[in-house]
Engineer: 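Below are the structure tokens for one structure; questions will follow.
Positions are given from 1 along the sequence.
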Amino acid sequence: MKSVDIKPLLSPEWGMVDQHAVTTQFGATIQFNAHYVKKVQCTFQRSYPGLSFAVKIGDTVWQDVTVDGETLSFAVPDNMTDVAITVMLRTIACDSLTLWSEQVILLGMSVDQGDITPIEINKPFITFVGDSISAGEDMAIDGHHPELSYPYLVATALNKPMSRIAYGGTGLTAHAPFQQPTAIEALWHVAENVARRRVITDLVIVNYGTNDFNYHATADSFAFGLRIYLLELIKRFHTARIILLVPLNGAFKTVFQEEIKRFSQFTLFDASQWLATDERVHPNILEHQQIAEYILKGI
């Protein structure tokens with residue numbers, strides 16, 4: 001096996017610490033072109049219980065590959081001598097709060113033969129920001145599926161590279177159950193004291209408010225949190241179009257309508273009528289497809 005330079009293959013959800021890649025994000029990806037490669041192997045700093053990745057090789061369907069101890073390995077079909085591969089962090093046996101503090105640390109990647117080259121990115125990113133819904137959590141009986149979530153579907157339909165900033169349990173007020181990372185901290189860091197890589201983004205889609213509402217934030221407290229957050233979004237994505245989604249359950253619709261009047265950078269999409277039911281906090285796979293379709297129509 002020969003080592004590969006992983007840095008140019010990593011999505012913006014990864015940060016670099018001492019030549020090692022660090023992430024805390026469901027949906028963090030490694031993307032590359034494989035030329036005459038038959039086996040790919042990724043080595044992690046330690047064993048992470050329940051850590052698995054969704055792997056897509058060319059036009060094949062996603063396959064779930066579980067990390068065995070400290071190693072993730074998979075084979076490339078013999079008939080695919082020149083193919084694009086995506087490796088996406090799908091799940092781990094902990095919640096996003098624990099993941100933020102413990103981090104997944106990738107030491108390196110190697111292949112048995114052939115060559116690996118980065119996938120050329122020559123257009124601006126689309127960035128998705130939010131909580132567990134944007135992260136693709138709890139979409140099916142077997143758990144998280146960021147590879148089937150609406151952010152990935154929208155980015156794929158638009159043929160744009162994507163960045164995801166989404167952590168379960170977070171919100172814009174102190175009522176949200178998880179306060180690490182805060183919504184503002186997540187904009188700038190991929191882990192504690194690990195900077196998030198800046199990429200050129202021309203479209204941002206933000207979905208916050210569900211956790212605040214479900215944990216009894218008042219309209220006034222959400223308005224205050226939203227006002228501060230909108231200023232931070234402008235600072236972080238000052239040249240991008242920013243779309244805010246009214247939560248699927250319709251939470252704080254009036255607050256969103258009033259607060260964005262203070263600024264010219266925001267567009268509001270009312271997602272409260274997109275799904276037939278709001279009995280579940282987390283949309284399923286089919287509902288994520290429906291959300292993606294509405295966003296694409298609105299854009």
Side-chain angles (χ1 to χ4, degrees), residues 1-34 37 40-48 51-55 65 67 69-74 84-92 94 96-111 115-129 135 146-147 151-152 155 160-167 170 180-201 204 232 235-237:
M1 302 293 285
K2 59 179 181 179
S3 296
V4 172
D5 180 11
I6 60 172
K7 190 172 182 179
L9 316 180
L10 302 175
S11 68
E13 295 84 10
W14 296 87
M16 298 299 297
V17 178
D18 298 330
Q19 303 304 310
H20 302 152
V22 175
T23 191
T24 59
Q25 179 67 71
F26 298 121
T29 62
I30 309 167
Q31 287 187 301
F32 53 90
N33 293 307
V37 173
V40 179
Q41 182 172 294
C42 297
T43 304
F44 296 88
Q45 186 181 64
R46 61 180 178 85
S47 175
Y48 297 91
L51 180 62
S52 73
F53 286 76
V55 177
V65 182
V67 177
E70 300 169 0
T71 304
L72 171 76
S73 62
F74 59 90
I85 297 177
T86 300
V87 182
M88 183 182 295
L89 199 163
R90 187 176 87 79
T91 194
I92 192 172
C94 68
S96 61
L97 178 62
T98 305
L99 182 56
W100 175 262
S101 60
E102 293 190 355
Q103 309 168 4
V104 172
I105 300 177
L106 174 64
L107 300 182
M109 189 173 86
S110 57
V111 297
D115 296 301
I116 293 293
T117 58
I119 293 177
E120 184 179 354
I121 297 176
N122 54 14
K123 58 183 65 176
F125 279 69
I126 179 172
T127 296
F128 295 86
V129 186
E147 80 283 9
Y152 185 81
K160 292 175 72 69
M162 70 166 285
S163 173
R164 187 183 329 230
I165 306 172
Y167 294 91
T170 58
Q180 287 185 306
T182 65
I184 290 177
E185 183 179 14
L187 289 177
W188 303 96
H189 294 87
V190 297
E192 188 173 1
N193 297 321
V194 181
R196 183 178 296 274
R197 178 160 59 93
R198 300 288 296 272
V199 294
I200 297 174
T201 295
V204 181
E232 198 73 14
K235 180 165 55 172
R236 178 66 175 82
F237 304 108

Engineer: To the nearest 0.5 Å, what is the distance between CD on Gln45 and NE2 on His20?
Structural biologist: 7.5 Å
Engineer: So, does Lys160 use its side chain to make a donor-acceptor pair with the main chain of Lys123 at under 3.5 Å?
Structural biologist: no
Engineer: Would you say that more than 12 heavy atoms from the other residues, nucleotides or ligands in this model lie under 6.0 Å from the CD of Glu192, or not?
Structural biologist: no
Engineer: Determine whether Leu9 and Met109 make a side-chain contact, defined as any pair of heavy atoms from C-beta on separated by less than 4.5 Å.
Structural biologist: yes
Engineer: So which of Thr23, Val22, Ile30, Thr43 actually passes side-chain contact (heavy atoms from CB on, under 4.5 Å) with Leu106?
Structural biologist: Ile30
Engineer: If I compare all heavy atoms of Ala21 with all of Ile6, which pair ends up nearest, and what's the gap?
Structural biologist: CB-CD1, 4.0 Å
Engineer: The criterion is side-chain hydrogen bond (donor to acceptor under 3.5 Å, both in side chains); which residues satisfy it with Thr201, sequence neighbours excluded?
Structural biologist: Thr127
Engineer: Measuring from Thr182:OG1 to Trp188:CH2, what's the distance to the nearest 0.5 Å?
Structural biologist: 12.5 Å
Engineer: Applying side-chain hydrogen bond (donor to acceptor under 3.5 Å, both in side chains), can you list everything that pairs with Glu13, at least two apart in sequence or on another chain?
Structural biologist: Ser11
Engineer: Set out, in order, the CA-CA distance, both residues' side-chain angles and the distance that settles side chain to side chain contact (heavy atoms under 4.5 Å, CB included) for Ile116 and Asp5, then state yes or no.
Structural biologist: CA-CA 9 Å; Ile116 293 293; Asp5 180 11; over 6 Å; no
Engineer: My understanding is that only residues two or more places apart in sequence, or in another chain, count here; which of them pass side-chain hydrogen bond (donor to acceptor under 3.5 Å, both in side chains) with Ser96?
Structural biologist: none
Engineer: Just jot down the side-chain hydrogen bond (donor to acceptor under 3.5 Å, both in side chains) partners of Thr98, sequence neighbours excluded, or say none.
Structural biologist: Asp95
Engineer: Around atom CG of Leu107, are there more than 12 heavy atoms from other residues, nucleotides or ligands closer than 6.0 Å?
Structural biologist: yes
Engineer: Phe32 versus Val4: any side-chain heavy-atom pair under 4.5 Å?
Structural biologist: no
Engineer: The test is side chain to side chain contact (heavy atoms under 4.5 Å, CB included); show your working for Leu10 and Met16 and say whether it passes.
Structural biologist: CA-CA 10 Å; Leu10 302 175; Met16 298 299 297; 3.8 Å; yes
Engineer: Is Ile92 close to Glu102 at the side-chain level, that is, under 4.5 Å between some pair of heavy atoms?
Structural biologist: no
Engineer: Stepwise, does the side chain to side chain contact (heavy atoms under 4.5 Å, CB included) test hold for Gln25 with Val190?
Structural biologist: CA-CA 8 Å; Gln25 179 67 71; Val190 297; over 6 Å; no
Engineer: Going by heavy atoms in the side chains, are Met88 and Thr29 under 4.5 Å from each other?
Structural biologist: yes
Engineer: How far apart are the closest heavy atoms of Pro146 and Tyr152, and which atoms are they?
Structural biologist: O-CB, 3.7 Å
Engineer: Would you mind reporting whether Asn33 and Ile119 have side-chain heavy atoms less than 4.5 Å apart?
Structural biologist: yes
Engineer: Check whether Trp14 forms a cation-pi arrangement with Arg197 (NZ or CZ under 6.0 Å from the six-membered ring centre, at most 45° off the ring normal).
Structural biologist: no
Engineer: Have Gln103 and Thr24 got a donor and an acceptor in their side chains that come within less than 3.5 Å?
Structural biologist: no
Engineer: Tell me, please, which residues at least two apart from Arg90 pass salt bridge (charged side-chain N to carboxylate O under 4.0 Å, His left out).
Structural biologist: Asp64
Engineer: Does Arg164 reach the main-chain N or O of Gly27 with its side chain, forming a donor-acceptor pair under 3.5 Å?
Structural biologist: no
Engineer: Quick check: are there more than 12 heavy atoms from other residues, nucleotides or ligands sitting under 6.0 Å from CG of Asn122?
Structural biologist: yes
Engineer: Is the shortest heavy-atom distance from the side chain of Val104 to the side chain of Phe44 under 4.5 Å?
Structural biologist: yes
Engineer: Please examine the side chains of Val87 and Phe74, heavy atoms only from C-beta on, and report whether any two atoms are closer than 4.5 Å.
Structural biologist: yes
Engineer: I'd like to check the salt bridge (charged side-chain N to carboxylate O under 4.0 Å, His left out) partners of Arg198; sequence neighbours left out, ordered by chain and number.
Structural biologist: none
Engineer: Are any of the side-chain heavy atoms of Glu185 and Trp100 separated by less than 4.5 Å?
Structural biologist: yes
Engineer: Check the pair Lys2, Asp115 against side chain to side chain contact (heavy atoms under 4.5 Å, CB included), reporting the backbone distance first and the verdict last.
Structural biologist: CA-CA 10 Å; Lys2 59 179 181 179; Asp115 296 301; 3.7 Å; yes
Engineer: Which atom names give the shortest non-hydrogen contact between Phe128 and Ile126, and what distance separates them?
Structural biologist: CZ-CD1, 3.5 Å
Engineer: Which pair of heavy atoms, one from Ala186 and one from Arg196, lies closest together, and at what distance?
Structural biologist: O-NE, 2.8 Å
Engineer: Could you tell me the separation between the CG atom of Leu187 and the CZ atom of Arg236, rounded to the nearest 0.5 Å?
Structural biologist: 7.0 Å
